[in-house]
Each structure stands twice: as C-alpha cells, then as structure tokens.
2 protein chains.
Amino acid sequence: MDTKERILATARELFHGRSYADVGIKEICSMANVQKGSFYHFFQSKQDLAMAVIDDMSDDWANGFVAEAFDDALPPMERLDYMVDAVYFWQKAAKSLEGRMPGCLFGNLALEVSTRDEVIRARLNAIFDKASGRFHQALEQAIEQGEIPPLDTKATATAMLAYLEGVILLAKTRNDPDVVRNLGPAIKSIRIERKH
Amino acid sequence: MDTKERILATARELFHGRSYADVGIKEICSMANVQKGSFYHFFQSKQDLAMAVIDDMSDDWANGFVAEAFDDALPPMERLDYMVDAVYFWQKAAKSLEGRMPGCLFGNLALEVSTRDEVIRARLNAIFDKASGRFHQALEQAIEQGEIPPLDTKATATAMLAYLEGVILLAKTRNDPDVVRNLGPAIKSIRIERKH
DNA sequence: TCAGTATATTAGACCGGTCGGTCAAGTCAA
DNA sequence: TTGACTTGACCGACCGGTCTAATATACTGA
C-alpha cells in the first residue's frame with residue numbers, strides 16, 4: 001500500500017469517525033506513518049484531501065454494496081430494503097469497533113462544511129444526485145413492473161434519500177444503529193404523487 | 001440587552017450559520033462587543049456556551065412556531081404541513097439574508113459534535129425526543145379523530161422527524177429552500193404499521 | 001445620607017498548544 | 001543526472017482558556 005493510499009485511507013477513517021475540522025493533518029500523517037512534506041507532495045491542501053476522500057468513498061460505495069443493493073435482478077422495492085439493511089449492518093459494525101456510530105460521511109460533511117466550502121458542497125451535492133438517481137431508477141422499474149402505483153418518481157426518489165439520511169442522523173444522535181433497522185423499512189411508504 | 005444575552009444571541013447566529021468548530025470565542029466576543037474576561041465570567045467553557053445556545057434555541061422553538069404548528073385547534077395532519085411551511089419560510093428568509101441555507105442547528109450540531117462530545121450529544125438527543133413527542137401527539141389525535149388509519153404512532157412520529165431532518169439536510173446541501181417545500185409535504189405519507 | 005465594603009462585571013495582556021502550510025536538504029530509483 | 005519522493009524543522013496565525021487589575025453596582029450599618 002503506497003503512501004498516497006495510506007493517507008487517503010487514514011483520512012477517510014478519521015473524517016468519518018470524528019469530523020473534518022476536528023482531524024488535523026498532523027494526526028493523519030502520524031497515523032499513516034507519513035511525514036508532512038510527503039503529505040503536501042500528494043495533496044495541495046486539506047480541502048484537496050477532503051475531495052479525494054469523498055471521491056474515494058463514493059467509488060467504494062458505487063462498486064460495493066450500493067451496486068449489490070440496486071442490482072437489476074432484485075425486485076425494485078426489495079432493493080430499498082437491501083440498502084437499509086446494508087446501512088444498518090455497516091453502522092452496527094462500526095459502532096462495535098469504535099463505540100460510536102459514525103453515520104454517513106457525506107451527510108456529516110454536508111452539514112459541517114457546506115456553509116463554508118462551496119467546492120466541497122457542490123461535490124457532495126453531486127453525490128446525492130447520483131444516489132437519488134439509483135432510487136429513481138428503482139422506482140421507475142417498480143412502476144413499470146406494476147409493483148407500485150405510478151407516482152412522481154424523481155421527487156419520491158429524492159425524498160427517499162432524504163429519509164435515509166435523516167434516519168442515519170437520528171440514529172447517530174441516539175448512537176443506536178437499531179434506529180436504522182426500525183425506521184428504515186418505512187422508506188417504502190414515502191410517496192409523492194404526480195402533478196397533473 | 002445585557003452582556004450574557006448578547007453573547008448567547010451572537011453565538012447562536014454564528015454556530016447556526018457556520019459550525020461549532022469554525023466559530024471561535026474570540027470572534028463571538030468581538031461581534032458581541034464583549035471582552036474575553038466577561039465571556040468566561042458567564043460561561044465556563046465553549047461547551048458550556050454550546051449547551052446554553054442549544055437550550056436557548058430550543059426554548060424559542062417550543063414557544064414560537066412549533067407551539068403554533070402543533071396547536072390542538074388545528075386538524076392533526078395539518079399541523080405537519082404547518083411545520084413544514086414554517087421550516088421553509090424560515091430557511092428561505094435566512095438564505096436571502098446570508099446567502100446560504102443554515103439548515104437545522106440541532107441537526108448540524110448532532111452530526112458535527114456527537115461523535116466527540118457526549119454531553120452535547122445527549123442534550124441534542126433529548127431535544128429530538130421532545131420534538132418527536134409533538135409528532136406523536138398529533139398522530140394519536142389524528143387516529144382518534146379518524147383522520148388516518150391506525151399505525152405505530154411512536155415509530156411513525158420518529159420517522160417523520162427523521163424525514164424532516166433529512167429534507168433539511170438535502171436542502172442545505174443543495175442550498176435551496178425549495179427542496180423543503182417540494183419534499184416536505186410527503187411527510188404525511190410516512191407510515192409504520194403496528195406490530196401484532 | 002453617606003462612608004465603607006463586598007460582590008458582580010469588565011478589561012485585555014498573556015499562556016501553551018495546535019492549526020494548515022512551507023521549505024531546503026536529502027534519498028533513491030530510472 | 002534527473003525527477004519523484006521523503007524528511008523534519010520551521011512559520012505566522014489562531015485556538016480555548018487563565019489571570020490580575022480596574023471598575024461598576026449593591027448592600028451594609030450609623
């Protein structure tokens with residue numbers, strides 16, 4: 001594992017487990033066994049690192065269980081349950097490892113830095129758009145296959161993403177992953193009707 | 001307006017508009033025209049200030065439009081729309097004043113500091129519990145009055161609060177209060193059935 | 001009413017520590 | 001010999017918090 005990857009992985013872990021402002025470059029470096037000069041050889045700034053961390057996590061998600069959850073082979077509405085389950089097990093594992101529920105890195109960063117850093121905010125926004133696109137596709141297929149009655153798929157998809165983020169927020173505040181398991185499945189009840 | 005109130009009001013504005021870590025005591029003092037010595041006469045620490053700000057905002061909410069929204073005179077399910085509207089107009093006003101959507105102070109703080117500060121986390125958790133209690137009461141009455149079919153009122157109430165927080169999170173990330181207006185009303189579609 | 005005193009509040013210099021970031025000198029493989 | 005990478009000392013700015021001295025304000029007994 002080369003230096004840059006080590007920095008990235010460490011930063012991701014620390015940012016996720018605590019917060020952006022709370023984690024210093026010095027701490028990242030010492031935990032990754034890297035000197036400061038090396039750090040600034042690979043990253044221009046802390047902001048640059050944050051962007052790289054966001055992209056890194058986003059890629060992992062897209063190729064990881066998000067890809068599994070939104071597999072076309074699964075019945076569309078079951079994909080939502082799969083997604084909720086994945087979040088639950090992930091948060092539960094993280095809590096049992098570190099004692100605290102880290103929540104969603106994207107949601108955490110969004111609320112922490114989006115009033116201060118326009119570049120990061122825009123990137124996070126794009127990631128949410130992409131995520132809501134997955135929900136959108138699932139909803140389109142669910143309607144197509146007669147699994148649910150027609151509705152405003154775009155709006156409902158975004159609402160579902162919002163709900164998932166909200167559930168994670170509340171679960172993190174309670175420090176209890178079970179909140180995700182208890183409230184998560186209700187994501188399927190959210191409906192925004194078509195305008196006519 | 002005495003010194004302590006000035007500190008409190010300024011801190012609240014800054015914490016809400018930016019973040020906890022990003023706002024220093026020095027900045028709060030200079031904006032409130034207070035010296036550091038005075039600050040530490042009234043507050044033991046920055047954490048102490050945060051707690052006071054949280055309580056202050058919580059009281060304002062409880063006696064402000066939350067009290068209006070959850071007025072017993074309103075039909076229960078209409079209270080939810082009232083609440084969503086209030087959030088929308090508030091965020092819109094804040095954005096037109098400062099250019100940025102601040103989101104929900106409690107949600108912001110929850111994601112920023114709850115992994116780091118157990119005391120603040122617990123307080124925020126209590127506030128969320130109280131808020132979900134309002135939803136709960138509205139749902140109980142809605143069922144009682146035949147406005148909606150029976151459901152798990154406790155779980156649904158919490159789910160609705162989660163949804164509201166999630167919508168605000170997404171709106172803040174988009175920096176667009178209209179997200180609240182567009183997605184907010186779907187809060188009424190959320191249902192968690194009774195266990196039997 | 002007043003002197004005297006205790007207490008609440010203000011003032012701002014000061015503290016050690018940490019922050020993000022820079023830099024010149026070095027190592028090492030191609 | 002070149003260019004990628006590493007080392008770690010160093011920078012000014014800022015952080016939360018402390019401290020002592022000055023100044024209002026409130027309360028006291030005569």
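Letters go in sequence order (proteins before strands), and every chain restarts at 1.
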task: Go through the steps for Glu112(A) and Asn108(B) under the test side chain to side chain donor-acceptor pair (under 3.5 Å), then give the verdict.
output: CA-CA 7 Å; Glu112(A) 184 187 354; Asn108(B) 296 350; over 6 Å; no

task: Take the protein atom CG of Leu49(B) and the nucleotide atom C1' of dC15(D), then report the distance between them rounded to whole Å.
output: 15 Å

query: Hey, is the side chain of Ser45(A) poking within less than 4.0 Å of OP1 or OP2 on dG20(C), counting only N and O atoms?
result: no

statement: Separation of dG20(C) atom P from Asp48(A) atom CG, nearest Å, is 14 Å

message: Considering every strand and a 4.0 Å limit on heavy-atom distances, what is the contact class for Gly24(B): base, sugar-phosphate, or nothing?
response: sugar-phosphate

message: Ring-plane angle category for Phe15(A) and Tyr20(A), please: parallel below 30°, perpendicular beyond 60°, tilted otherwise.
response: tilted

- request: Report yes or no: does Lys172(B) contribute a side-chain atom to a donor-acceptor pair with the main-chain N or O of Leu169(B) at less than 3.5 Å?
  value: no

task: Quickly work out the Gln44(B) CD to dC19(D) P distance and round it to whole Å.
output: 14 Å

- prompt: What's the CZ-P distance between Phe39(B) and dT18(D), to the nearest Å?
  reply: 11 Å

message: Pick the closest DNA chain C nucleotide for Ser38(A) and for Ile25(A) by heavy atoms, then say which residue is nearer the 5' end.
response: Ile25(A)

query: Is Lys36(B) touching bases, backbone alone, or none of the nucleic acid, heavy atoms closer than 4.0 Å?
result: base

message: Could you tell me how far apart Lys46(A) (NZ) and dA13(D) (P) are, to the nearest whole angstrom?
response: 20 Å

message: Cation-pi check for Phe135(B) against Lys154(B): NZ or CZ below 6.0 Å from the six-membered ring centre and within 45 degrees of the axis, yes or no?
response: no

- prompt: Side-chain N or O of Gln35(A) less than 4.0 angstrom from OP1 or OP2 on dT6(D)?
  reply: no

- prompt: What is the distance from CG of Asp2(A) to P of dA4(D), rounded to the nearest Å?
  reply: 16 Å

- request: Find the distance Asp22(B):CG to dG20(C):P and express it as a whole number of Å.
  value: 12 Å

- prompt: Over how many whole Å does the gap from His41(A) atom NE2 to dT22(C) atom P extend?
  reply: 15 Å

query: To the side chain of Tyr40(B), which of dG21(C), dT6(D), dG16(D) is closest?
result: dG16(D)

query: Hey, are the side chains of Asp81(A) and Pro185(A) touching, using non-hydrogen atoms and a 4.5 Å cut-off?
result: yes

